[in-house]
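Note sheet for the following structure.
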Amino acid sequence: MKVTNFHLATTRETPADAEIASHRLMLRCGMVRKLTSGIYTWSPLGLRVLRKVEQVVREEMNRAGALEMLMPSVQPSELWEETGRWDQFGPQLLKMTDRGGRQYAFGPTHEEVITDWARQELKSYKQLPATFYQIQTKFRDEIRPRFGVMRSREFIMKDAYSFHIDNDSLQESYEIMHAAYSAIFTRLELNFRAVQADSGAIGGSQSHEFHVLADSGEDLIAFSDMSEYAANTEMAEALPGIDTAPAATETLQQHATPGCHTIEDVCKALDVGAKQTVKTLVVEAEDGLIALVLRGDHSLNELKAEKLDGVKSPLQMADEEQIKAAIGCGTGSLGPAGLPIPMIVDRSAAVLADFVCGANEKGFHSSGINWGRDVQAPRIEDIRVVVAGDPSPDGKGSLSLLRGIEVGHIFQLGSKYSEAMNAVVLGEDGKAHAMPMGCYGIGVTRIVAAAIEQNHDDRGIIWPLPMAPFQVVLLPMNMKKSLRVREAAEALYAELQDAGIDVLFDDRPLRPGVMFNDMELIGIPHRVVVGERGLDAGEIEYRARSESENVQVPLSEIVSYLKQRLGGHLCPRVRP
RNA sequence: CGGGGUGUAGCGCAGCCUGGUAGCGCAACUGCUUUGGGAGCAGUGGGUCGGGAGUUCGAAUCUCUCCACCCCGACCA
């Protein structure tokens with residue numbers, strides 16, 4: 001491709017609302033332009049990257065035995081009513097009405113459509129297992145779209161669905177998909193980790209997320225420093241480190257703590273560490289209110305809490321009036337001792353002795369509280385978020401935390417959808433069986449942003465070769481004036497194309513500095529420069545985007561040199 | 001949804017308080033010079049000042065209203 005035949009629209013200045021590197025660089029490169037909040041147009045340059053990512057995903061899905069298809073993005077409400085999700089999905093579901101008053105959703109995901117397809121197409125266990133996938137535009141009306149295509153409302157997702165006769169078969173396909181996902185992210189040359197995850201709103205049992213590691217990631221991942229254990233902090237099990245509370249050494253005392261409402265206030269007033277305090281949160285129970293008690297320095301894990309018996313799901317914090325009516329005092333002075341409502345105590349709070357908490361009287365806190373002696377032995381559960389340094393749940397090592405960008409998520413759905421929609425096949429026994437299902441998603445557009453987060457410097461993007469918009473850029477120095485340079489560059493351009501190298505030839509009549517800066521900004525992995533100087537010596541100058549030194553390569557060897565650098569990633573093509 | 005903020009040329013912004021000819025930088029276009037790291041000079045084009053209503057002789061500026069976009073928050077008592 002010659003730049004004069006392409007649409008290259010780089011900018012030196014950055015639009016004011018781009019906060020993270022990938023968003024900033026994608027705008028400066030002209031890969032995407034915002035149409036409206038959370039909705040982007042992909043330029044020819046951006047689309048080249050997107051297609052390369054898609055192609056890797058497609059090849060690995062095909063290799064794993066999945067069959068590509070294409071489902072509609074607009075889906076009738078009736079399908080969603082069958083599974084109950086028309087009302088459950090919430091405001092993220094974009095609904096619309098046609099001229100006849102019929103209601104539709106713009107698909108945020110396709111469980112309903114694929115299950116409807118499967119119940120019509122699949123009749124016998126002999127057709128199973130079967131895995132179908134598509135690469136489709138989806139829409140989720142995010143509360144707050146941000147970071148460009150990282151968290152956009154409209155996005156492209158690869159979603160695959162598998163159908164089985166039993167759970168063993170589901171487990172097999174799940175493992176195949178797990179391996180296929182690892183192959184995809186490995187091929188894309190991304191630094192990623194697979195982690196245990198919560199299956200969330202989609203439902204199901206087993207679930208793993210695939211995260212690209214980057215400081216700007218929105219998710220926190222917990223890793224063991226001694227084993228393979230890795231989990232999203234949303235679901236990582238929190239252990240207390242010790243089994244039972246130490247013996248009590250203090251007696252219960254009350255302290256006036258006027259104006260102290262936060263753990264921080266209380267720690268300051270009573271000169272104790274947050275680890276020696278507990279805090280008491282009040283949430284709605286299935287019947288009335290229930291208190292959740294945590295160590296002062298820990299945070300409630302809502303996902304864990306709302307799964308517990310007695311706690312209303314989704315989790316709903318009680319408001320000040322409800323708390324005053326039930327307990328007699330408001331927030332800021334609550335504590336487990338003498339609390340008139342049921343409570344659940346976190347494992348780590350349950351092994352404290354001589355701790356500090358609210359006295360359930362406005363302006364007072366207690367110290368020297370001990371479980372068993374001052375408060376009845378409580379119901380103990382794991383309800384907090386893990387923190388760095390916690391013991392690893394598999395008993396090997398301790399946890400450290402890293403940030404990640406979720407780019408893939410695989411679930412075992414079980415029969416939730418097939419039962420709701422009566423997707424059954426006849427088994428060997430001649431009876432109808434609801435098919436267990438698996439569901440496997442990859443955020444294709446998000447991968448592009450995530451790759452940039454992980455691969456950039458102060459000059460621009462440094463594309464991993466498999467998703468680079470072009471493999472090689474050819475820069476002629478002062479081609480307008482120098483006939484020699486022009487002829488050599490045109491000849492090399494033809495030669496590189498014939499060799500199956502995806503080359504961008506910057507044939508614009510520009511000063512070299514502009515070309516260097518543009519090409520470094522858009523991150524083409526390999527660069528060759530043709531200039532008078534080099535031609536005199538019979539050499540071409542080569543530099544990798546990821547390196548800072550030039551290499552002089554004899555003109556006669558440059559094609560084979562590049563082929564070797566590209567490591568066989570060629571794309572045979574016919575010259576126009 | 002709550003709070004805050006911003007809408008003026010393609011992008012980044014000034015002007016608004018204190019009403020009186022709509023500006024600057026970058027980008028674009030033309031010409032000349034320049035040509036190994038975002039060139040210089042000269043010139044040119046480009047605006048319903050987010051929309052509507054009002055006050056006024058006169059509104060980018062003041063008032064009302066609607067809209068869009070951005071940021072923060074939406075357990076941590």
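Lettering of chains follows the sequences in order, A, B, ..., and the numbering in each one begins at 1. Side chains are part of it too, since the values below use all heavy atoms of this structure and drop only hydrogens, waters and symmetry mates.
- Taking the side chain of A:K279 as heavy atoms from C-beta on, and the options B:C76, B:G25, B:U35, the nearest nucleotide is B:C76.
- Between the side chain of A:S299 and the base of B:C76, at least one donor-acceptor pair of N or O atoms lies under 3.5 Å.
- Between the CD atom of A:Q316 and the P atom of B:C75 there is a distance of 9 Å, given to the nearest Å.
- Rounded to whole angstrom, the span from the CZ atom of A:R543 across to the P atom of B:G36 amounts to 16 Å.
- Among the heavy atoms of the strands lying under 4.0 Å from A:R459 is at least one base atom, whether or not backbone atoms are also near.
- Using Watson-Crick or G-U wobble geometry with both donor-acceptor distances under 3.5 Å, B:C49 finds no partner in any strand shown.
- Within the structure, a side-chain polar atom (N or O) of A:K34 is placed less than 4.0 Å from OP1 or OP2 of B:C70.
- When each of B:G37, B:G38, B:G36 is scored by its nearest atom to the side-chain atoms of A:R12, the top-ranked nucleotide is B:G38.
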- request: Give the intermediate values and the outcome of side chain to side chain contact (heavy atoms under 4.5 Å, CB included) for residues A:R508 and A:L8.
  value: CA-CA 11 Å; A:R508 296 174 296 179; A:L8 197 60; 3.8 Å; yes

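- Note: CD1 (A:I143) to C1' (B:C1) measures 9 Å, nearest angstrom.
- Nucleotides B:C11 and B:C69 place their C1' atoms 16 Å apart, quoted to the nearest Å.
- In the interface, the side chain of A:D518 is paired with the base of B:G38 through a donor and an acceptor atom under 3.5 Å apart.
- Rounding to whole angstrom units, CG of residue A:D536 and P of B:G36 are separated by 14 Å.
- With rounding to whole Å, A:K480 atom NZ is found 12 Å from B:U35 atom P.
- Across all strands shown, B:G43 forms a Watson-Crick or G-U wobble pair, both distances under 3.5 Å, with B:C29.
- Distance, A:E532 CD to B:G36 C1': 12 Å, rounded to whole Å.
- Taking the C1' atoms as reference points, B:G5 lies 37 Å from B:U44, given to the whole Å.
- Within the model, atoms CG of A:D382 and CG of A:D346 stand 6.0 Å from one another, a figure rounded to the nearest 0.5 Å.
- Note on A:L281: a base of the nucleic acid sits closer than 4.0 angstrom, heavy atoms only.
- Atom CG in A:N478 sits about 12 Å away from atom P in B:G37, given to the nearest Å.
- The pairing partner recorded for B:G7 is B:C67, the criterion being a Watson-Crick or G-U wobble arrangement whose two distances lie under 3.5 angstrom.
- Aromatic ring pairs are classed by plane angle as parallel below 30°, tilted from 30° to 60° and perpendicular above 60°; the pair A:Y542 and A:Y561 is perpendicular.
- For B:A22, there is no paired nucleotide, since no Watson-Crick or G-U wobble pair has both relevant distances below 3.5 Å.
- Residue A:L475 is out of contact with every strand shown, counting any heavy-atom pair closer than 4.0 Å.
- On a pure distance criterion of 3.5 Å, a polar donor-acceptor pair joins the side chain of A:R28 and the base of B:G38.
- Nucleotide B:U61 forms no Watson-Crick or G-U wobble pair with any nucleotide shown, as no partner meets the under 3.5 Å limit on both distances.
- Nucleotide B:C75 has no partner under the Watson-Crick or G-U criteria, as no pair reaches both atom distances under 3.5 Å.
- Rounded to whole Å, the distance from CZ on A:R486 to P on B:U35 is 18 Å.
- Side-chain proximity of A:T36 to B:C71, B:C69, B:U34: nearest is B:C69.
- Residues A:H7 and A:S43 bring no donor and acceptor atom of their side chains to less than 3.5 Å of each other.
- Using cut-offs of 30° and 60° for the angle between ring planes, the A:W371 and A:F355 rings count as tilted.
- Taking only side-chain atoms of A:F516, from C-beta outward, the nucleotide of B:G37, B:C75, B:U34 with the closest atom is B:G37.
- Under the Watson-Crick or G-U wobble criterion, with both distances below 3.5 Å, B:G38 is left unpaired in every strand shown.
- Within 3.5 Å, no donor on the side chain of A:R146 pairs with an acceptor on the base of B:G73, nor the reverse.
- If you check distances only, the side chain of A:E541 does reach the base of B:G36 with a donor-acceptor pair under 3.5 Å.
- A pairwise comparison of heavy atoms in A:P336 and A:V278 identifies CD-CG2, 3.9 Å as the closest pair.
- Note on A:I323: a base of the nucleic acid sits closer than 4.0 angstrom, heavy atoms only.
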